[in-house]
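First the structure, in the form of structure tokens, and then the observations on it.
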Amino acid sequence: MNDAPIGMFDSGVGGLTVARSVLDQLPHEQVLYIGDTANGPYGPRDIAEVRSLALSIMDELVDRGVKLLVIACNTASAAVLHDARERYTLGRGVPVIEVIHPAARTAARVTRNGRVGLIATRGTVDSRAYDDALQAVPGVELFSQACPRFVELAERGVTTGPEVLDVAEDYLAPIKAAGVDTLILGCTHYPLLVGPISYVMGEEVALVTSSDETAKDVYRALASKGLLRGPEANEPRHEFRSTGDPKAFSVLARRFLGPEVGDVERVDSASDAAGARAETPGFSLLPTAH
Ligand code: DGL
């Protein structure tokens, strides 16, 4: 048994949809989660900036002794996956799980006509990370659409009603026209909008989200390396931190994850967005009083 927490991070609260699935599938595990709300959203940022921010947060998580890292953000996964495996798995023996390959694998398994849609942030679509993940699968064609307003709507709590339906109809029209039978929700926020997305796409289109599939990969990685925390352990304790306002984070986090979110502690990012642009991460996370 390994008592150390699972380290997870996202640009903000979106990754908590992945944390929810991890806690559902692995109820004895402890999670240390960082939401980089001071620098999020990552979707519109340059991929090099995202890479730098993500590496800094993962450095912090690994320094705090996590036993496994989960990049609980599609945009960050697209930006940093290969570097993260080299730096943390090869360099420090910490396995890294991301959210893109689990969802891509499932979509490839589920599709019957080989036409798969992807909705995601601009950063994820432009990175072509899903195209790369599906490239090796014969007979699968990917149709991608960036849906930046979905993140803003989910964070405002606008997940039903005419506004979200109008936006969904607009974004999804080209994907529907492409005749996809499977749609990847390639952004951590989109599971909150699954009602309107499914309504617009029609019930014959299968929706694939990253969260449940990623949690299965987390289980597999921990089980295969003998790192699981078992039922004999004490009641799990989770830690939630944000680089921005902890109060605002905690309100949203309860909506995205649920009652497990207790007190949220703030961690400062030492760099601003300009520092994040540097090639070498110029960013460190320092605990501050709140
Ligand atoms: N978590 C991000 C993702 O899954 C969405 C929010 C953002 O743009 O940072 O791509």
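Every number for a ligand or one of its atoms is a count from 1 in the order of the listing.
Counting only heavy atoms of the protein, atom 8 (O) of ligand 1 lies nearest to G43 N, 2.8 Å. Nearest protein neighbour of atom 2 (C) of ligand 1, counting heavy atoms only, is C73 SG, 3.5 Å. Scanning all protein heavy atoms for the shortest distance to atom 10 (O) of ligand 1 gives T75 OG1, 2.6 Å. Of the protein's heavy atoms, C187 SG, 3.4 Å lies nearest to atom 5 (C) of ligand 1. S11 OG, 2.5 Å is the protein heavy atom nearest to atom 9 (O) of ligand 1.
Of the N and O atoms on the side chains of T124 and T121, at least one donor lies less than 3.5 Å from an acceptor on the other residue. For the residue pair Y88/D59, the side-chain donor-acceptor check at 3.5 Å is satisfied. No side-chain N or O of R220 forms a donor-acceptor pair with one of S224 less than 3.5 Å apart.
The distance from ligand 1 to the heavy atoms of Y42 drops below 4.0 Å at these ligand atoms: 7 (C), 8 (O), 9 (O). Short contacts between ligand 1 and T121, defined as distances under 4.0 Å to a heavy atom of the residue, involve ligand atoms 5 (C), 8 (O), 10 (O).
Under the ring-ring contact (aromatic ring centres under 6.0 Å, His included) criterion, Y190 pairs with F150, sequence neighbours left out.
By the 4.0 Å N-to-carboxylate-O rule, R156 lies close enough to E163 to be salt-bridged with it.
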Please list every donor-acceptor pair under 3.5 Å in which a side-chain atom of residues 110-118 meets a protein atom from a residue at least two apart or in another chain.
unit_1: T111; atom_1: OG1; unit_2: G114; atom_2: N; d: 2.9
unit_1: T111; atom_1: OG1; unit_2: D181; atom_2: OD1; d: 2.7
unit_1: N113; atom_1: OD1; unit_2: R115; atom_2: N; d: 2.8
unit_1: N113; atom_1: ND2; unit_2: G179; atom_2: O; d: 3.0
unit_1: R115; atom_1: NE; unit_2: A178; atom_2: O; d: 2.7
unit_1: R115; atom_1: NH2; unit_2: A178; atom_2: O; d: 3.0

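At least one N or O atom of T188, backbone or side chain, sits closer than 3.5 Å to an N or O atom of ligand 1.
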